[in-house]
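All ligand and atom numbering here is 1-based and tracks the order in the structure.
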Amino acid sequence: MDRVLPRPLISEDELQHRISELAAEIDRDYRDQEPLLCIGILKGSVFFMVDLLKRVTVPVKIDFLQTSSYRSGTTPGEIRIRKDVDIAIRGKHVLIIEDIVDTGHTLSTVLGLFRFRGAKSVKLCALLDKHKAREVAVNVDYSGFKIDNVFVVGYGLDLDERYRELPYIGVYEPDGDEPSEPSEPSE
Ligand code: 5GP
């Protein structure tokens with residue numbers, strides 16, 4: 001069955017170019033602060049994290065955290081930890097790597113958790129920033145692209161587990177013929 005591809009918003013070349021710039025910023029900032037513990041938020045950050053860390057030259061350790069958000073009506077979702085990190089956080093310089101910051105609830109919870117656990121420093125690197133959708137203030141230390149309040153897929157980002165494999169970021173525009181499947185909690 002043919003599928004409609006999402007309308008391109010950020011091309012593969014634009015992504016890779018910007019990711020090289022972010023890696024250079026991270027190298028510069030963490031030159032004297034190694035080792036750096038990079039924690040990817042599953043699953044959406046995986047493509048970004050791999051491309052970013054292949055270009056970073058300071059030594060890194062990597063780990064992953066998986067969260068879920070449960071929304072009830074219009075109430076902001078309660079953030080739960082589905083998979084915790086394996087490496088101890090205390091005393092480490094932590095860099096959180098995320099695909100997209102939307103309302104900010106996920107990242108403000110995760111930042112608070114790592115600070116509570118005694119990280120020496122906690123910074124955030126997000127590929128995409130839907131800054132106009134923010135409900136909770138979150139400081140994005142390394143921001144790839146600021147985007148409008150649209151639903152994007154590709155390059156790790158999904159819609160019910162589809163489209164992650166696209167090498168670019170596209171805007172998902174439902175055409176009305178999509179099969180309606182139950183939604184998974186967002187990750
Ligand atoms: P927040 O807690 O900031 O509202 O949401 C962050 C999470 O929501 C992201 O990690 C991502 O899983 C999901 N999300 C927010 N906006 C989008 C979007 O435009 N596309 C996709 N695929 N996921 C999104």
Exercise. Counting heavy atoms only, which part of L159 comes closer than 4.0 Å to ligand 1: side chain, backbone, both or neither?
Worked result: neither
Problem set entry | Residue portion contacting ligand 1 (non-hydrogen atoms closer than 4.0 Å) for E135 | neither
For this session: Identify which of T67, I100, I79 has a heavy atom lying nearest to atom 14 (N) of ligand 1.
Result: I100
Exercise. When you measure from atom 19 (O) of ligand 1 to each heavy atom in R164, R134, K43, K130, which option holds the nearest one?
Worked result: K130
Check each atom of ligand 1 against the heavy atoms of [X] and keep those under 4.0 Å away; list them by number with element.
{"X": "E98", "value": "10 (O)"}
{"X": "G104", "value": "1 (P), 3 (O), 4 (O)"}
{"X": "L157", "value": "21 (C), 22 (N), 23 (N)"}
{"X": "T106", "value": "1 (P), 2 (O), 5 (O), 6 (C)"}
{"X": "D158", "value": "21 (C), 22 (N)"}

Problem set entry | Qualifying residue for side-chain contact (heavy atoms from CB on, under 4.5 Å) with C125, from L52, V140, I96, D141 | L52
Problem set entry | Identified side-chain contact (heavy atoms from CB on, under 4.5 Å) partner of Y172 from the options L159, L9, D158 | L159
For this session: Decide whether the shortest distance between a heavy atom of V150 and an atom of ligand 1 is less than 4.0 Å.
Result: yes
Exercise. Does G44 reach ligand 1, in the sense of a heavy atom lying below 4.0 Å from it?
Worked result: no
Exercise. Is there any N or O on V101 that sits under 3.5 Å from an N or O of ligand 1?
Worked result: no
For this session: Give yes or no for whether the N/O distance cutoff of 3.5 Å, strictly under, is met between V152 and ligand 1.
Result: yes
Exercise. When you measure from the side chain of K83 to the backbone N and O of F64, does any donor-acceptor pair fall under 3.5 Å?
Worked result: yes
For this session: Flag the pair D84 and R117 as a salt bridge only when some basic side-chain nitrogen lies within less than 4.0 angstrom of an acidic carboxylate oxygen.
Result: yes
Problem set entry | Residues R134 and D129 bridged, charged N to O under 4.0 Å | yes
Problem set entry | NZ (K120) with more than 12 external heavy atoms under 6.0 Å | no
For this session: Give a yes or no on whether R90 atom CZ has more than 12 heavy-atom contacts from other residues, nucleotides or ligands under 6.0 Å away.
Result: no
Exercise. Are side-chain heavy atoms of L15 and F145 found at a separation under 4.5 Å?
Worked result: yes
For this session: Could you check Q16, E21, E14 and say which one makes a side-chain hydrogen bond (donor to acceptor under 3.5 Å, both in side chains) with R18?
Result: E21
